[in-house]
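Structure first, commentary second.
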Amino acid sequence: MLARLFARYRFALTLTLLLALQMAIVAAFLLVAGSALAAGQRAALLAALALLLLLALGMALKALFDAYLAPLARLGEETALLAANPAHRVAPQGAGEVRALAARLNVLAAASQALRDEGQARVALAGRALAEEKQRLAALMSELAVGVLVCNVGGRILLYNKRARQLLAGGAHGVAGIGSETAPIGLGRSLFGMIERGLVVHALEQIQYRLRQHAPDDAGGQQVAASRFVATLAGGLLVRARMAPVLDEAGALNGFVLVLEDITREVEADSRRDALLQALTRDARAALANLRAAVETMQSFPDMEEARRLRFIAVIDDESQRLVREVGRALREHGGEPDSRREFEEMRALDLLALLQRRIESPALRVRLAAETDIDTAADTAAVTGTVAGTVAGAGADTATAAVATGAAELWLAVDSYALSRALATWCQRLADEAGVTELRLGVRRAGGLARFELSWAGAAPGAQALQAWEQLPQAPGAGDAAGGLGAVLVRHAGESVYRFDAASGQSRYCLLLPASAAPAPLEIAARGAGRPVFYDFDLFQQAGEDAGLDQMPLVQISYTVFDTETTGLQPAGGDEIISIGAVRIVNCRLLQQEYFDRLIRPRCPLSDESIAIHGITEAMLAAQPRVEQVLPQFQRFTEDTVLVAHNAAFDLRFLQMQEAHTGVRLRQPVLDTLLLSQVIHPNQSEHTLEAIAARLGVTVVGRHTALGDAIVTGEVFLRMLPLLAEQGIRTLAQARDAEQQTRYARLRY
Amino acid sequence: MRSKILIVDDEPNIVLSLEFLMQQSGYDVAIARDGAQALQQMAAFQPDLVLLDVMLPMINGFEVCQQIRENPAWNAVKIVMLSAKGRESEVSKGLALGADAYVTKPFSTKELVGQVAGLLAGGA
């Protein structure tokens, strides 16, 4: 009890005691000063007392220092330590108040540590969840039977799956590994090298048009904001692409998802079946007509002369046999084919009309939209209703009943709007150029089961012959190979064109008759908000185009192709040739090992023994390999849009230059050389071989002296050089190239 | 005066029936086997009505129809298109080019004869 009290008030007691001692000393002073001692004795006593007082004061000060100042200073230091080590606790020292403060601090430190631990646990948990989600997404993507690509609005690829790579490499049925070697597909690359730019832009425009038509809060808006087109890929494959927009928080278009499906076989089967069906229908109809005409004639004239009767019987025999043959052929060729139709894009006739107007209009040619009621209805409906009736009319009877003009608003078509609009625009351009037409009226209306698009203009055309000839013209260069002329496009759509000149009004009318389709069922696209995919925050979404001001771009943002070659010998000017090229890409400071290029080349000169000793490639290995003129263009495509990186690049480039005239391939992009950059970073080192640099920078060397292996090592070395270059203030491509120029190796020539 | 009918078709089996039918109905008949012949016969034979197949060698039936309609001298000539092509767009095209009727194969001979008679009698 007493001990605890003492412990608690030790400091106060100490100070009280010291104070009492001083008071006693002062009282002794007064006593001595007032006493009747001898002067000498008094002075000595006073001096002793003064010393005692000083001692007591000193002790009091020391007690104060020990109890307050020193513990506070230590407390300050320990508090600073808490920031680095949250588990640290302050030891209670000094006076009661200081100890209380320390205790409070410890409570706070404990609370802060608990908070911090909890936060870290949450971050770890979220990280795990995110990683899991990424794993699931990756698994899903790679196992999908359709190709999936995600691109930003600039057309740069942010995500792709295995199937997309196969399709775009043109190796849908080939071996994946081989197809992927030359695949130009890759993160950060442009999609437009693989799918015709016009098609993608057209689909994007359609989506944007539809998004504008339907406000974002309109539930129906999302349902139609997907676009579909058919594209021919470089490998000759035909793919159906479905495009869905990726919208940002503000609802603006931020990128798009493309789903690709190989429909080459489907379309081949389709067109075969279409052709067969058409031929069969036509031939059967003709044969039946001939049969019936002959039979009916014989029935109507039973007493015709014998010779004529025999001729009719011969016709019946002939035609019935022809019918049997045709049906048999159709069954043989068509039997067992699964039923599937080539899908065009379903769109509203009015949307197509607006699109046609936008495409046709040019400074030289104005296009006004005509009201539905203005469109010529007299030409066909009068004829249909007037003279064709009963069974004679055949299909015409349907037209007659349905020919009453109905609203175009609900008129839908299945069209390849890209091909159709381009072909019609080309046709109209001819009309403007050669007939001097400056203004067109464009309208659409329903005519039975047809959508009737009508172009009209004042004055006569250069003749129906000329108009028909223009239909057969191929489109302007650069329009791609998907389309062909307007005539071919119409054939694909089972459509027809008609030109008539109305002398009374002086108006020319050119009509496109296209089969209408039933309005499509709405697509089931989940409403925004719920169930949104999570691949929005890919860094590349925000990345600016690489083309502008490449020199001023930070090194860490540039996409690179790191490459290496193996050769028949060391004398590029002496006739030695490249026998192997290996390359990998670096995007966003990541070495993309799965996006590689690895090719052997059959040279025209023999391999030197020394070179075989280095790279281990033998004549036998090269016997079946392609020539340099086949491989270099593929390599050039692989390097598109990137900066080249090589170790001792001058050597490799010299070999490539030697082939320029022969292959027509010239690499124009900037080049960085790890040999020179190593000089920049470590000017005092004597060795700058790839091995030496790799050892210095801590890169493990695997697969040395294969082109691909060396390219990978060079790439890793290059990535480790970037921060070292930044330390020297070298951050942009221009700075790196300047620095290279200053090194002594830069003067090396091959 | 007997009306004159030009039959334009490249299939002898149908021409046999059509020719006999039209002759039995009391018309003068001429035959053309392709588009170029048809246009020659237009000038030489001066028919009142043309039975015009669409699928013809050289110049197809649509073009023949259009060329006939572009010549004002033949304004009064009736045109009946006969075709195994029966898609709505094709029928619509034939009528838009100025055919008076578009008959899809196969057809009833009796009704065709009636149709021809109606057109020649001046029926609209």
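Keep in mind that this is a model prediction, so the values were computed, not measured.
Among Leu450(A), Ile316(A), Val295(A), the residue making the largest number of heavy-atom pairs under 4.5 Å with chain B is Leu450(A). Contact count against chain B (heavy-atom pairs under 4.5 Å) is highest for Thr297(A) among Asp318(A), Leu514(A), Thr297(A). For the options Val80(B), Leu97(B), Val15(B), heavy-atom pairs under 4.5 Å to chain A are most numerous at Leu97(B).
With values rounded to the nearest 0.5 angstrom, Arg87(B) atom CZ is found 4.5 Å from Gln278(A) atom CD. Atoms CZ and OG, from Arg452(A) and Ser89(B) in turn, are 12.5 Å apart once rounded to the nearest 0.5 Å. To the nearest 0.5 angstrom, Arg285(A) atom CZ is 8.0 Å from Ser83(B) atom OG. Atom-to-atom distance recorded for Gln24(B):CD and Met304(A):CE is 7.5 Å, nearest 0.5 angstrom. To the nearest 0.5 angstrom, Lys105(B) atom NZ is 14.0 Å from Thr281(A) atom OG1. Glu296(A) CD to Glu111(B) CD: the interatomic distance, rounded to the nearest 0.5 Å, is 9.0 Å.
Proximity to chain A (any heavy atom under 4.5 Å) is shown, for Glu90(B), by both the backbone and the side chain. Contact of Ala494(A) with chain B is made through backbone and side chain together, with heavy-atom distances under 4.5 Å.
A 4.5 Å side-chain heavy-atom check between Arg292(A) and Ser108(B) finds at least one atom pair inside the cut-off. Considering only heavy atoms from C-beta on, Phe501(A) stays 4.5 Å or farther from Glu70(B) through its side chain. At a threshold of 4.5 Å between non-hydrogen side-chain atoms, the residues Phe62(B) and Val498(A) do not count as touching.
Formation of a donor-acceptor pair under 3.5 Å by the Glu496(A) side chain with backbone atoms of Lys93(B) is not found in this model. Not a single donor-acceptor pair under 3.5 Å links the side chain of Glu319(A) to the backbone N or O of Ile14(B). When atom types are taken as modelled, the side chain of Arg500(A) and the backbone of Ala96(B) share a donor-acceptor pair closer than 3.5 angstrom.
For Arg311(A), the CZ atom sits in a loose shell: 12 or fewer heavy atoms of surrounding residues, nucleotides or ligands are nearer than 6.0 Å.
Between Ala286(A) and Ala84(B), the shortest heavy-atom distance links the atoms N-CB, 4.0 Å. Closest approach of Tyr499(A) to Gln66(B), counting heavy atoms only: O-NE2, 3.0 Å.
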